[in-house]
Amino acid sequence: MNVELIEVTRRFGRTRAVAGVTMEAGPGVLGLLGPNGAGKTSLLRMMATVIPPSSGRIRLLGRDPGGYGQRRQIRRGLGYVPQNLGYYPRFTVVEFVEYFALLKEMPPARVHHAVAAAVERVGLGDKARAKLATLSGGMLRRVGIAQAIVNEPELLLLDEPTAGLDPEQRVAFRALLRDLGQAATVVVSTHLVEDVGAACARVALMDRGRIVFRGTPDELAGRAEGTSAAGDAPLERGYSAVLAEVRS
Amino acid sequence: MSRGGARTLPSGSPPGGAARVGLRLAHLHLASRRVPAALAAVAACAVGLRIALLHGHWTAYGARQLPLIFETGCAVVIAATTASPFGEPERATGRWLPFLRLGTALVLTAAAAGALAAAGTGAHLAGGTLDVLRDTAGLTGLGLLCAAALGGPLAWAGPAGYLMVALYALYTQWHGPALTTPWIWPARPPHDVGAAICAGLVFAGGVLLIAVRGARDTVAGS
């Protein structure tokens, strides 16, 4: 398993953002659904080794991120796109992706080709020389994804990756996710249930810091049967039904 | 977005050895921290000090306060460069980032101290080069500590606040009772060992904290 979480809790002051989450994930795309404030972003940040858990145990890529040496190994095989990606506007697309490739300690001989491949893979080959300041919001999201996949990560963490993408880009991105999920563990936090239905083999639903459902998208959709849950699509109705059940 | 392979793309770095790649990484890091602009600002501070020394008529009181203002300017500039535009994805990378932060802080501090000391050459710089080195290092350390605690954009608060305290401490030397603690090092003589140790400790603490932890993230959502 590339991700193993055992009773993981994260507090910010008196607020418990993640409350005893236990889960495992192997290769494939796992969708992390949940309302605002459910704890998805905090869970992803812990998996990205950016913040430590307040309690519980995390193992990523078979290693313990609590130790410096093992954390370093994990980070070499990690890709992470946060909800709000920062960028230096005077970098070109290639410079931005190259900077992350070098920081991730890729072998020098591979950097040039890997940067080119990542930029092509997110469909920005014709914008390779463009300054980031000149790109649209959707293009910047794709640049962020390029930096995350440049090292061909074994564990890829994406927080709301389709926000700002137009429908055509979103469809292409789902195809990319499915492709990446063939070899790596991809965890995608999203509000958009259609992303989950189209790209994720497994789904986990969070509410108030806990995982309240885990299964396949079809199983989630099936939870709406026999209920009057709100939603325009089966997955949305399943999502609403599970939340209504745990909150009742 | 495509699944296709890579075609040849323009890149700033041709394939090369580890040394060339290391230089390329350093170049990109320095550019992202706006270090060229910071060096220009440091040079402007030095030119300002030079002009003030050559063309101003300073009393003994004002002559000791004057360099402090330009040293504070340099410290604020150095601390501001610690802000990362990338946020958490940059922190979730390998081992090089702490060394890049350390190198950036040391190089800029050395440049600032050197430029300010050079600005005083041949002019009456109260306290001399030793004073400039001590005060610049100490003020920069405060700025770095502030950047670690508050983030790069607010890093000016520490040096600016300390400047007020130091100016007042210098004032008390003429209008007692004098403040004499070595932690207010600008008010002590250049050869005062206690003041040099205090300034050195603050600088070392600031540099170490910035190298290990970096400036507090201020990218939205981080």
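Surrounding CZ of B/Arg34 are at most 12 heavy atoms belonging to other residues, nucleotides or ligands under 6.0 Å away.
Neither the backbone nor the side chain of B/His27 comes within contact range of chain A, judged by heavy atoms closer than 4.5 Å. Contacts of A/Pro89 with chain B are made by side-chain atoms alone, with heavy-atom separations under 4.5 Å and no backbone atom involved. In this structure, chain B has no heavy atom under 4.5 Å from any part of A/Glu168. Contact of A/Leu78 with chain B is made through the side chain alone, with heavy-atom distances under 4.5 Å. For A/Phe91, the part lying under 4.5 angstrom from a heavy atom of chain B is the side chain only.
The pair A/Asp179-A/Arg121 meets the salt-bridge criterion, since a charged nitrogen lies less than 4.0 angstrom from a carboxylate oxygen. A salt bridge is defined here as a Lys NZ or Arg NE, NH1 or NH2 lying under 4.0 Å from an Asp or Glu carboxylate O, and A/Arg174 with A/Asp195 meets this definition.
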### Task
Would you check, one step at a time, whether the test side chain to side chain donor-acceptor pair (under 3.5 Å) holds for A/Glu95 with A/Tyr88?
CA-CA 10 Å; A/Glu95 284 171 339; A/Tyr88 177 54; over 6 Å; no
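Rounded to the nearest 0.5 angstrom, A/Leu61 CG and A/Gln70 CD are separated by 11.0 Å.
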